[in-house]
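Before any comments, here is the structure.
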Amino acid sequence: MKITALNGFKDIVPGEVELWQRVETAARTIFSRFSFSEIRMPILEKTELFSRSIGESTDIVEKEMYTFVDKQITMRPEATASLLRAYIQHGLHVQKPIQRLFTIGPMFRHERPQKGRLRQFHQMDVEVIGAQNPRVDAELMAMGALLLEELGLTVSLELNSLGCPACRPDFRQALLAFLEDRHEALCDDCKRRCTSNPLRVLDCKNPSCRTLVEEAPSIQEHLCQGCSDHFGVVQEGLQQLGVPYSLNKFMVRGLDYYTRTTFEFITGDLGAQAAVGAGGRYDGLIEQLGGPKVPGIGFALGMERLVLLLQQQEGEEVAEGESDLFVAGLGEVATNFVFPLVHALRRKGLQVATDYEGRSLKSQMKQANKAGAKWVLIIGDTELEEGQAVLRDMQSQEQEKIRIGTGVDALLSLLLQAFEKKKISLEQ
RNA sequence: GUGGGUGUAGCUCAGCUGGUGGUAGCACCUGGUUGUGGCCCAGGAGGUCGUGGGUUCAAGUCCCAUCACUCACCCCA
């Protein structure tokens with residue numbers, strides 16, 4: 001084959017797409033239970049939106065964005081910035097003091113693809129804008145946990161606080177001092193991180209860095225009073241809601257805008273990609289983007305990762321296709337009769353499949369079986385002469401004759417009557 | 001951007017130290033039933049062995065390059 005999809009871009013084909021629908025349906029159900037409204041934004045935004053929100057010096061902005069350089073526009077690498085832009089642009093804070101919004105869609109990052117990480121990937125993104133109360137943080141995590149639970153996935157929740165502009169600089173200084181003393185013991189990546197983003201040293205995967213960092217100052221002990229109180233209530237809230245979590249003082253977020261609460265839903269079953277969802281609070285961001293001075297918190301779930309987990313958990317079995325009825329026509333005359341009949345049945349709301357290639361009855365029965373048809377209606381020249389079509393129940397293998405009468409309409413009403421009698425099995 | 005692994009039928013894969021591409025499984029089509037599915041049996045169709053060079057009498061197999069896929073690093077959902 002000559003033309004294939006781009007590296008890191010994937011088709012979601014029948015057999016797999018059912019799982020995606022399941023994830024999405026479950027999410028919409030839960031989100032609406034928690035009073036979230038959907039919002040949909042464009043995929044292209046001005047480049048500046050992302051460089052200002054995500055952070056000029058992050059990897060995402062520095063080298064991973066799909067940008068049309070000549071036009072200064074970028075395909076969104078994450079949803080929060082776009083969502084906040086829309087929030088500000090439409091003055092949504094005026095309509096409601098607290099906005100609860102979610103969005104589902106594709107994001108784009110030019111990274112090297114690997115398991116659970118693509119260049120076009122999909123996220124379900126949830127944001128609460130305007131709420132400062134730590135209970136909201138706890139509730140948001142509880143909602144994420146509930147969704148994952150409903151999907152049948154077992155993941156753990158890790159929690160940290162990154163402080164705020166008042167207390168983080170102090171911690172940063174303390175950490176830097178600690179790292180400088182041990183600079184030679186750090187891996188090459190961490191030596192680089194000391195200047196680029198010291199907090200990142202905390203979650204280095206290198207074993208020697210990990211042990212070294214055990215002794216490092218803890219952010220949780222450097223929080224200012226406000227942040228410390230907030231963090232405390234978040235944890236109380238989680239306990240009240242019965243959401244299990246563990247504190248992880250090494251957890252750091254990649255995006256610049258996070259403040260206070262940060263969290264990740266973690267799994268050990270996805271190779272290097274441990275996080276199936278993550279998020280946190282971003283209290284200064286909306287103002288920084290030119291909006292009102294309101295706080296915000298949100299998180300994103302990686303849909304590819306959720307689908308991968310579901311596939312691993314229950315196999316990649318293809319969901320059987322389903323239709324109510326397969327109509328088998330035999331011969332030229334019957335086929336001409338069947339063609340409009342099928343359409344009439346579909347207009348009545350039935351799922352109907354049929355054959356278009358004039359194949360043998362055996363072949364059509366096979367198709368019907370594969371399509372998961374509950375009934376097959378057989379109409380050949382014999383049936384047309386007799387004025388009776390054969391209706392076969394695929395499960396019980398029973399067949400009955402149905403009067404065709406004078407035409408499509410007559411047969412249609414008889415068929416619907418026949419289905420009516422079996423309504424119970426239709427609904428199953 | 002950096003490293004490792006893998007490219008043979010639609011899919012999953014055999015193919016030994018070079019000697020004519022597999023009776024492989026799944027899927028597909030036809031037949032076994034002159035008009036009846038799942039199971040079974042028989043047959044059929046389906047390939048530029050990723051691509052381009054090189055070595056050789058001879059390359060799916062060895063060498064080089066290239067592309068693609070994949071896992072990991074970096075980073076992240």
Side-chain angles (χ1 to χ4, degrees), chain A residues 1-10 13 15 54-55 57-64 77-80 104 106-126 144 155 187-190 192-193 196-197 200 203-206 251-255 263-267 270-280 298-309 316 318 320 326 328-331 334 357 359-383 390-395 397-399:
Chain A
M1 192 199 282
K2 271 210 160 99
I3 301 180
T4 55
L6 294 170
N7 189 16
F9 289 71
K10 278 262 191 309
V13 294
I54 297 170
S57 64
T58 57
D59 276 19
I60 293 178
V61 170
E62 270 187 359
K63 49 191 193 198
E64 293 173 2
E78 58 119 31
T80 304
I104 299 175
M107 314 291 157
F108 304 84
R109 289 182 203 170
H110 192 102
E111 302 174 273
R112 201 67 168 262
Q114 64 189 74
K115 189 182 172 86
R117 195 181 74 181
L118 296 175
R119 288 181 172 174
Q120 176 178 334
F121 58 105
H122 299 78
Q123 288 188 339
M124 304 190 293
D125 199 70
V126 185
V155 300
C187 71
D188 290 344
D189 282 327
C190 283
R192 180 175 53 74
R193 287 181 181 118
S196 64
N197 189 349
R200 279 253 155 245
D203 71 350
C204 180
K205 283 174 187 166
N206 186 308
M251 191 180 71
V252 173
R253 314 271 47 241
L255 285 51
F263 57 95
E264 287 184 356
F265 291 102
I266 302 283
T267 174
L270 280 182
Q273 270 59 241
V276 299
F299 74 98
L301 291 158
M303 294 184 76
E304 277 78 6
R305 295 180 183 180
L306 294 177
V307 169
L308 272 174
L309 284 177
E316 296 182 32
V318 178
E320 281 272 315
F326 188 97
L330 300 165
E357 306 297 324
R359 289 206 248 236
S360 69
L361 180 57
K362 174 175 175 152
S363 167
Q364 295 197 49
M365 290 300 289
K366 281 188 177 179
Q367 289 179 60
N369 189 54
K370 259 190 75 179
K374 298 185 186 72
W375 291 283
V376 175
L377 185 70
I378 301 165
I379 300 177
D381 295 343
T382 321
E383 282 72 23
V390 174
L391 182 63
R392 178 183 177 86
D393 184 317
M394 291 295 274
Q395 205 172 4
Q397 305 187 34
E398 285 166 11
Q399 297 193 170

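Here is the naming used below: chain letters follow the sequence lines, and residue numbers restart at 1 for every chain.
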So [X], base contact, sugar-phosphate only, or nothing? Heavy-atom distance under 4.0 Å.
| X | value |
| --- | --- |
| A:L330 | base |
| A:I378 | base |
| A:A368 | nothing |
| A:E383 | base |

[N] pairs with which nucleotide, Watson-Crick or G-U wobble, both distances below 3.5 Å?
| N | value |
| --- | --- |
| B:U61 | none |
| B:G43 | B:C29 |
| B:U2 | B:A72 |

Rounded to whole angstroms, how far apart are [atom1] on [X] and [atom2] on [N]?
| X | N | atom1 | atom2 | answer |
| --- | --- | --- | --- | --- |
| A:R305 | B:C75 | CZ | P | 14 Å |
| A:I54 | B:A77 | CD1 | C1' | 13 Å |
| A:R359 | B:C28 | CZ | P | 11 Å |
| A:Q395 | B:G37 | CD | C1' | 13 Å |
| A:L377 | B:G37 | CG | C1' | 15 Å |
| A:H110 | B:G1 | NE2 | P | 6 Å |
| A:K362 | B:U30 | NZ | C1' | 9 Å |
| A:K366 | B:C28 | NZ | C1' | 10 Å |

Practice task
By nearest nucleotide on RNA chain B, pick out whichever of A:Q367 and A:G277 is the more 5' one.
Solution key: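 Nearest-nucleotide comparison on RNA chain B picks A:Q367.
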Practice task
Starting from the 5' end of RNA chain B, give me the residue, A:M365 or A:S360, whose nearest nucleotide shows up first.
Solution key: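 Counting from the 5' end, the first nearest nucleotide belongs to A:S360.
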Would you measure the distance from the [atom1] atom in [N] across to the matching atom in [M] and give it in whole Å?
| N | M | atom1 | result |
| --- | --- | --- | --- |
| B:G3 | B:C11 | C1' | 30 Å |
| B:G60 | B:G43 | C1' | 28 Å |
| B:G32 | B:C71 | C1' | 48 Å |
| B:A42 | B:C64 | P | 45 Å |
| B:C69 | B:C16 | P | 28 Å |
| B:G15 | B:U23 | C1' | 14 Å |
| B:G7 | B:G47 | C1' | 14 Å |
| B:A45 | B:U51 | P | 23 Å |

With rounding to the nearest 0.5 angstrom, report the [atom1] to [atom2] distance, [X] to [Y].
| X | Y | atom1 | atom2 | value |
| --- | --- | --- | --- | --- |
| A:I104 | A:L301 | CD1 | CG | 9.5 Å |
| A:I60 | A:H110 | CD1 | NE2 | 14.0 Å |
| A:D59 | A:E111 | CG | CD | 8.5 Å |

Handout entry: Heavy-atom closest contact (A:A300 atom, A:Q123 atom, distance)
Key =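 Scanning both residues completely, I find the closest heavy atoms to be CB-OE1, 3.6 Å.
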Problem - A:A278 to A:R253 - nearest heavy-atom pair and separation - result: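 Taking A:A278 first and A:R253 second, the nearest heavy atoms are CB-NH1, 3.5 Å.
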Problem - Under 4.0 angstrom between A:K370 side-chain N/O and B:C28 OP1 or OP2 - result: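 It does, given that an N or O in the side chain of A:K370 lies less than 4.0 Å from OP1 or OP2 of B:C28.
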Handout entry: Qualifying residue for side-chain contact (heavy atoms from CB on, under 4.5 Å) with A:L306, from A:T267, A:V276, A:V155
Key =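 Answer to the side-chain contact (heavy atoms from CB on, under 4.5 Å) test with A:L306 among A:T267, A:V276, A:V155: A:V276.
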Handout entry: Among A:L330, A:N369, A:I378, side-chain contact (heavy atoms from CB on, under 4.5 Å) partner for A:Q364
Key =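 With A:Q364 as partner, A:L330, A:N369, A:I378 yield a single side-chain contact (heavy atoms from CB on, under 4.5 Å), made by A:L330.
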Problem - A:R119 (side chain) donor-acceptor with A:P113 (main chain) under 3.5 angstrom - result: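 Absent.
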Practice task
Would you mind reporting whether A:M107 and A:P77 have side-chain heavy atoms less than 4.5 Å apart?
Solution key: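 A:P77 does not reach A:M107 side chain to side chain.
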Problem - Protein-to-nucleotide contact annotation, 5' to 3' order, nucleotides 68-74 of chain B [B base; S sugar-phosphate only; - none; under 4.0 Å, heavy atom] - result: -SSSBBB
Handout entry: Base B:U36 paired with A:Q397 side chain (donor-acceptor, <3.5 Å)
Key =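 There is none.
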